[in-house]
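Note that the structure is a prediction, hence the values are computed from the model and not measured.
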Amino acid sequence: MADKNQEIGGIHFPFPFPPYPIQKDFMAELYKVLEAGKIGIFESPTGTGKSLSLICGALSWLRDFEQKKLQAEARLLEPGSGPTSGGKTSLSSSSSCQEPSDAPRPAGEPDWVTEFVQKKEERELVERLKKQEEEETETLLRLSREMLAAETGSEQLECGEEELVLAEYESDEERRASRVDEDEDDLEEEHITKIYYCSRTHSQLAQFVHEVLKSPFGKETQLVSLGSRQNLCVNEDVKNLGSVQLMNDRCMDMQRIKHEKSRAGGDKPKRRSQKIQTSCPFYNHEQMQLLRDELLLEVKDMEQLVALGKEARACPYYGSRFAIPAAQLVVLPYPMLLHAATRQAAGIRLQGQVVIIDEAHNLIDTISDIHSTEVNGSQLCQAHSQLLQYMERYGKRLKAKNLMYIKQILYLLEKFVAVLGGNVKQNPSTQSLPQTGSELKSINDFLFQSQVDNINLFKVQRYLEKSMVSRKLFGFTERFGVVLPSLPASQNRNLDGFQHFMKSLQSGPPEDSLEEGQAPAPRAASPLMHIEAFLAALTTANQDGRVILRRQGSVGQSSLKFLLLNPAVHFAQVVKECRAVVIAGGTMQPVSDFREQLLACSGVEAERVVEFSCGHVIPPDNILPLIICSGPSNQQLEFTYQRRELPQMMEETGRILCNLCNVVPGGMVCFLPSYEYLRQVHAHWDKTGLLARLSVKKKIFQEPKKASQVEQVLVAYSKCITCCRNTGGHLTGALLLSVVGGKMSEGINFSDDLGRCVVMVGMPYPNIKSPELQEKMAYLDQTLPRTQGQLPPGKVLVENLCMKAVNQSIGRAIRHQMDFASIVLLDHRYARASVLAKLPAWIRDRVEVKATFGPAFAAMRKVRFAPCAPEVLGLNWASHSLFSLQFHREKSHLCLV
């Protein structure tokens with residue numbers, strides 16, 4: 001395609017073809033947001049070229065920004081333009097900056113009073129610190145005495161077992177002293193200004209990379225794709241571990257061995273009898289540097305990156321990270337950007353950079369999910385048993401600080417099991433609980449109830465992170481299996497079942513129990529790894545999270561879940577560091593959630609937020625959105641939880657679909673609130689004969705619950721529509737019964753004949769009785785201001801969650817400029833002003849509210865989807881004309897019974 005240069009507002013935007021007017025507006029507004037350093041919420045429906053608009057708009061700004069920076073540097077280098085040219089001004093401003101400014105004191109308070117209060121506070125602080133230090137010293141000495149008293153001789157370890165023993169744990173002061181060397185190692189290539197683009201899935205990222213290649217910037221942009229080890233690792237031994245956590249830990253172990261070898265130099269190599277001591281052949285710095293240069297030379301997607309890594313015998317995971325400093329465009333998945341620890345580990349620096357978050361309609365939920373975590377009773381008991389056995393075997397070789405922290409972790413695990421109603425010394429699967437149900441606690445209340453409020457969780461978290469005890473523990477259990485600690489005979493008799501349970505967790509299912517063609521389940525990671533995330537979550541501020549205690553039957557089935565209530569606490573760092581942030585998506589309505597829950601709570605001023613929403617590129621006549629308030633038998637359509645299961649409501653829904661099937665060609669997609677309701681409706685229609693009447697015009701398909709069966713159903717659905725179009729007959733296509741929020745409501749395109757009509761049955765409100773949702777509603781009611789005459793923030797959240805799900809589902813049909821479809825919303829509540837306002841603008845502006853079914857059906861029969869002529873677009877519209885003609889000529893009658 002030829003490069004079509006666009007001058008918009010004096011800015012040059014290269015584009016691969018003449019852009020739509022809405023694309024011009026999109027790029028111009030995006031450029032302004034990046035230039036002014038603001039936060040932009042951009043909505044551009046699917047089919048309007050959103051990806052290309054993002055690419056060409058953002059990279060045009062980056063091009064101009066770099067040119068301005070070079071020009072500014074050139075001016076500084078010109079004679080007479082140095083910092084001494086404005087000597088007096090510079091000196092005066094410099095000296096004024098150096099003068100200390102006294103902090104304002106309360107009016108009327110004498111200096112001696114202020115000084116007395118300050119000294120008193122300082123003395124109290126010193127005394128508290130001394131007392132704390134004395135207590136810690138006394139604890140360490142006591143542990144040391146216990147070790148010396150128990151020690152009867154140093155046990156000889158087996159070959160290779162030294163790697164499992166924890167190294168001496170450095171104190172914070174010692175770590176600060178050694179940080180000088182770390183800083184020297186950290187002096188790497190300076191990071192240039194770049195754009196971080198992130199999306200939900202790797203397939204969406206790959207599609208974006210291909211769009212970059214098709215753009216005018218494809219040959220000149222230095223782009224790097226980031227991913228997890230699961231996607232980028234080329235070492236088969238590591239990939240076969242299955243679990244992401246195990247892959248991460250195995251990779252880190254292999255690197256450590258590589259570093260130890262290089263440090264040993266010419267020393268005699270140690271004996272190696274365990275496979276765990278093997279270093280990774282792909283972790284070669286010279287080859288990874290070559291791979292980095294190759295990545296920056298030409299744009300490559302993730303598959304090409306992996307293939308290149310295999311060919312060059314270099315690790316793509318680390319090779320891509322080496323390329324980050326010099327890259328202009330970094331493509332990465334959500335968690336890598338939104339999780340601070342992952343961001344730091346990947347070497348991502350957001351200071352002064354631009355972040356674009358695409359497919360951001362679920363951004364708030366994504367942040368909450370990333371930082372919420374759950375551990376069950378089985379994991380707690382297993383971790384306690386493993387760690388206790390580890391301490392018994394290596395206790396004589398561990399330093400006092402290691403022993404102190406291990407005992408604190410054991411104490412935490414014991415108390416967490418106790419708060420669930422169990423005992424760590426008994427089989428969790430056989431410990432039945434007298435009371436079941438969910439209990440929701442604040443973080444502080446949970447810590448008090450668990451009797452662990454006297455332990456500094458911040459220090460325990462740092463210890464777990466720095467000592468890598470979970471990795472050592474996994475190596476220990478891999479080598480020796482699960483061995484129970486020695487207990488008195490009276491207790492051992494009660495632990496036979498527990499020992500059997502622990503062994504069953506390690507061994508996994510027998511080979512003959514696997515179905516044919518089914519791959520064995522990935523090996524389970526150490527349970528302490530999951531507990532680390534839970535302990536880290538407990539360091540969240542008390543008001544920003546909750547802990548849910550779920551007691552279900554036995555201790556093993558019960559769990560502790562951390563629920564993040566305030567995602568802004570993690571998003572605030574991104575907003576604070578970045579120059580500009582763009583939140584984009586095909587459907588961003590309702591945007592009030594982004595403004596209030598995410599941006600306002602992150603400290604973003606309202607003036608810094610810019611909203612941009614563009615219409616669709618389709619002609620107005622190519623879409624018919626209808627709100628139908630009553631059915632063919634004048635039954636009011638209100639699919640509340642109490643009414644939707646009534647027989648008359650299910651029958652009325654069936655009659656409406658029968659009528660629509662008579663006039664709509666090709667494929668129809670009907671979304672229902674849940675899988676259970678889909679099952680009930682299907683069974684009722686089968687019983688009353690409505691299913692047979694539907695099958696006369698459309699073949700019926702149902703969305704499967706298993707993700708592995710989705711593709712099979714979609715292929716059969718597509719083949720049926722194609723066959724009906726080619727052969728004719730009484731069947732005019734297919735009807736697909738789907739679920740809102742299911743596997744077909746996001747990420748799947750029902751374009752052209754696959755979705756000529758989308759029907760939404762009812763309003764899919766979330767379960768209001770959910771403890772998590774109730775707590776979130778209460779939190780918002782307390783945190784966000786309430787506007788007079790509006791619903792409370794908690795109820796607004798429920799309505800917004802419903803409408804986000806609706807907007808995602810009904811957006812499946814119109815996917816490109818030539819597409820046409822009708823959208824039918826079955827529920828009189830859609831006609832409310834507050835609900836209508838939360839539909840996408842391109843649908844809201846064209847929606848028609850029909851109080852009765854007769855006028856709605858007449859509108860469906862009379863509508864003519866008449867897009868612009870095929871020759872204007874330069875595309876083949878043969879199939880469109882055929883189905884449009886079939887749609888107009890369909891002879892059918894209104895079905896009332």
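Heavy atoms only, all atoms of each residue included: H202 and N231 are closest at NE2-OD1, 2.8 Å. Pairing each heavy atom of P428 with each of C381, the nearest pair is CB-SG, 3.8 Å. Between Q702 and L678, the shortest heavy-atom contact is OE1-CG, 3.9 Å. Across all non-hydrogen atoms, the minimal contact from R644 to Y677 is O-OH, 2.7 Å. Residues S450 and K415 approach most closely at O-CB, 3.2 Å, considering heavy atoms. Residues V740 and S809 approach most closely at CG1-OG, 4.0 Å, considering heavy atoms.
A side-chain N or O of E374 and one of S559 form a donor-acceptor pair less than 3.5 Å apart. No hydrogens or angles considered: nothing links the side chains of Q543 and Y779 as a donor-acceptor pair under 3.5 Å. Of the N and O atoms on the side chains of D369 and S372, not one donor lies less than 3.5 Å from an acceptor on the other residue. Under the 3.5 Å distance criterion, with hydrogens and angles disregarded, a donor-acceptor pair is assigned to the side chains of S770 and E772. Side-chain contact, N402 with Y463: a donor N or O sits under 3.5 Å from an acceptor N or O.
N542 places a side-chain N or O within donor-acceptor distance of the main-chain N or O of N444, the cut-off being under 3.5 Å. Under a 3.5 Å cut-off, the side chain of S554 and the backbone N or O of Q431 do not form any donor-acceptor pair. Side chain of E414 to main chain of V424: no donor-acceptor pair is present (N/O by atom type, distance under 3.5 Å, no hydrogens or angles). Between the side chain of N376 and the backbone N or O of Q557 there is no donor-acceptor pair closer than 3.5 Å. Proximity of a side-chain donor or acceptor of Q379 to a complementary backbone N or O of V375 within less than 3.5 Å is not detected. Although no hydrogens or angles enter the test, the distance criterion places a donor-acceptor pair under 3.5 Å between the side chain of K743 and the main chain of K705. Judged by distance alone, with hydrogens and angles left aside, the side-chain atoms of D781 form a donor-acceptor pair with the main-chain N or O of G794 at under 3.5 Å. Remark: side-chain polar atoms of R551 are not paired, donor with acceptor, to backbone N or O of G437 under 3.5 angstrom. A donor-acceptor pair is defined here as one N or O able to donate and one able to accept, closer than 3.5 Å; no such pair exists between the side chain of Q712 and the backbone of Q709.
The side-chain heavy atoms of Q774 and L440, taken from C-beta on, include no pair separated by under 4.5 Å. Contact of the V713 side chain with the E703 side chain is not registered, since no non-hydrogen atoms from C-beta on lie closer than 4.5 Å. Taking 4.5 Å as the limit, some side-chain heavy atom of R462 sits within range of a side-chain heavy atom of F458. The side-chain heavy atoms of N566 and T540, taken from C-beta on, include no pair separated by under 4.5 Å. The shortest distance between side-chain heavy atoms of K804 and Q808 does not fall below 4.5 Å. Looking at D593 and L598, their side chains never come closer than 4.5 Å, going by heavy atoms from C-beta outward. A 4.5 Å side-chain heavy-atom check between I768 and M777 finds at least one atom pair inside the cut-off. Looking at R393 and F476, their side chains come closer than 4.5 Å, going by heavy atoms from C-beta outward.
Expressed to the nearest 0.5 Å, how far CG of N427 lies from OG of S378 amounts to 8.0 Å. To the nearest 0.5 Å, atoms CG (L538) and CG (L457) are separated by 6.0 Å. Rounding to the nearest 0.5 angstrom, the gap separating the CD atom in Q461 from the NZ atom in K466 is 10.5 Å. Taken to the nearest 0.5 Å, the CD atom of Q382 stands 10.5 Å off from the CG atom of L528. Rounded to the nearest 0.5 Å, atoms CG (L565) and CD (Q782) are 9.5 Å apart. Once rounded to the nearest 0.5 Å, the distance linking CG of L226 with SG of C198 reads 11.0 Å.
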**OP:** Assess whether side chain to side chain contact (heavy atoms under 4.5 Å, CB included) is satisfied between R343 and V574, documenting all intermediate values.
**Re:** CA-CA 10 Å; R343 207 163 56 229; V574 175; 3.7 Å; yes

Subject >> Full working for side chain to side chain contact (heavy atoms under 4.5 Å, CB included) between M336 and T342 >> reply: CA-CA 5 Å; M336 199 169 288; T342 308; 4.0 Å; yes

**OP:** Apply the test side chain to side chain contact (heavy atoms under 4.5 Å, CB included) to residues N423 and V417: give CA-CA distance (whole Å), side-chain angles for both, the deciding distance (0.1 Å), then the verdict.
**Re:** CA-CA 6 Å; N423 189 326; V417 174; 5.7 Å; no

**OP:** Just do the side chain to side chain contact (heavy atoms under 4.5 Å, CB included) check on L560 and L549 with the steps written out, would you?
**Re:** CA-CA 5 Å; L560 301 173; L549 287 74; 3.7 Å; yes

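Test T640, L801, V798 against Y765 for side-chain contact (heavy atoms from CB on, under 4.5 Å) and you get one pass: V798.
Classification of the F534-F446 ring pair by plane angle, with boundaries at 30° and 60°, yields perpendicular. Between H570 and H371, the angle of the ring planes stays under 30°, which puts this pair in the parallel group of the 30/60° scheme.
E711 CD: 12 or fewer foreign heavy atoms inside a 6.0 Å radius. Heavy atoms of other residues, nucleotides or ligands lying less than 6.0 angstrom from CD of E676 number more than 12.
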